[in-house]
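Written out below as structure tokens is the structure these notes cover.
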Amino acid sequence: MPSQDTRTLLQSAVPTAAVGVIVAVVSGVVAGGKGALGAVVGTVVVIAFMGLGMFVLQRTAKSLPQLFQAMGMMLYVAQLLLLLIFMALFKDTTLFNPKAFAVALVVATVAWMAAQARAHMKAKILYVEPDSEQKDKPEKSGSSA
């Protein structure tokens, strides 16, 4: 992953993890240990899904830019389906508090999106790629000597 992509990933994941810790502490106070565990699981799910999605989109943008928008939509649907499957598998769990999980999922998702928007606004990304062929060719000079 190039440095700009890694920087954007870190600028999104770190604030999300920090918000997840806050939600876990609040959930732990309100709902006990199972609430804290539910918040941690929710935060980890968001960081994993969003991070993997961002990685896939960046690879697609570099290798197949014409498929970027379609891939983004497909990725969004895939993330929702995976979350639905995850929720179906753990709907009757007693391992963690499902309400704390849901709150952490929503809060961490909003934190990720806000942090990613901020990272993109602060990034200095070229919107025109320098032509590599121009670099290989020697420059013509004005004299014919």
Side-chain angles (χ1 to χ4, degrees), residues 1-140:
M1 190 181 270
S3 65
Q4 181 64 36
D5 299 339
T6 304
R7 191 174 307 121
T8 303
L9 181 65
L10 283 175
Q11 288 175 346
S12 300
V14 171
T16 304
V19 168
V21 168
I22 293 168
V23 173
V25 168
V26 170
S27 296
V29 169
V30 172
K34 290 189 179 193
L37 183 60
V40 168
V41 171
T43 303
V44 168
V45 165
V46 168
I47 292 173
F49 280 25
M50 297 292 206
L52 184 61
M54 188 174 154
F55 177 74
V56 168
L57 278 180
Q58 293 299 332
R59 301 255 331 190
T60 302
K62 294 210 179 3
S63 61
L64 301 165
Q66 69 275 14
L67 294 179
F68 183 72
Q69 187 174 12
M71 189 65 171
M73 290 302 294
M74 187 184 82
L75 182 66
Y76 177 69
V77 170
Q79 286 175 330
L80 287 177
L81 288 174
L82 284 173
L83 184 59
L84 181 67
I85 291 168
F86 184 88
M87 295 293 285
L89 290 174
F90 289 98
K91 74 177 178 180
D92 294 327
T93 187
T94 57
L95 182 61
F96 55 81
N97 185 325
K99 288 184 181 180
F101 171 78
V103 168
L105 204 65
V106 170
V107 171
T109 300
V110 170
W112 179 280
M113 290 173 13
Q116 189 174 21
R118 182 181 183 277
H120 281 294
M121 287 174 53
K122 292 195 145 289
K124 294 178 174 45
I125 300 172
L126 295 174
Y127 60 91
V128 175
E129 299 255 348
D131 192 13
S132 62
E133 293 178 17
Q134 294 288 342
K135 292 179 184 176
D136 296 339
K137 293 180 184 177
E139 291 187 29
K140 293 183 182 180

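Model, not experiment: these values are computed from the prediction.
- Across V25, V26, V19, a single residue satisfies side chain to side chain contact (heavy atoms under 4.5 Å, CB included) together with V23, and that is V19.
- Scanning both residues, W112 and V46, for their nearest heavy atoms gives CB-CG1, 4.5 Å.
- Scanning both residues, M54 and Q116, for their nearest heavy atoms gives SD-NE2, 3.6 Å.
- Between A39 and A24, the closest heavy-atom pair is CB-CA, 3.5 Å.
- By the 4.5 Å heavy-atom criterion applied to side chains, F90 and F96 are counted as neighbours.
- Ring-centre distance between Y76 and F49: not below the 6.0 Å cut-off.
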Audit row: F86, V41, side-chain contact (heavy atoms from CB on, under 4.5 Å) steps and yes/no: CA-CA 11 Å; F86 184 88; V41 171; 3.9 Å; yes

Step-by-step side-chain contact (heavy atoms from CB on, under 4.5 Å) determination, V40 to V21: CA-CA 7 Å; V40 168; V21 168; over 6 Å; no

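- In this structure, the side chains of V107 and V103 come closer than 4.5 Å at one or more pairs of heavy atoms.
- Note: Q58 CD to F68 CZ = 6.5 Å, rounded to the nearest 0.5 Å.
- Residue Q66 places its CD atom among more than 12 non-hydrogen atoms of other residues, nucleotides or ligands, all under 6.0 Å distant.
- Between K34 and T94, the closest heavy-atom pair is NZ-O, 2.7 Å.
- Distance CG/L57 to CE/M74: 9.5 Å, rounded to 0.5 Å.
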Residues L83, V45; criterion side-chain contact (heavy atoms from CB on, under 4.5 Å); working and verdict: CA-CA 8 Å; L83 184 59; V45 165; 4.2 Å; yes

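- For the atom pair CG of L84 and NZ of K91, the computed distance is 10.5 Å after rounding to the nearest 0.5 Å.
- Of all heavy-atom pairs spanning G35 and A100, the tightest one is O-CB, 3.2 Å.
- Distance OG1/T93 to CG/L37: 8.5 Å, rounded to 0.5 Å.
- In plain terms, the two heavy atoms of T43 and T16 that are nearest each other are CG2-O, 3.9 Å.
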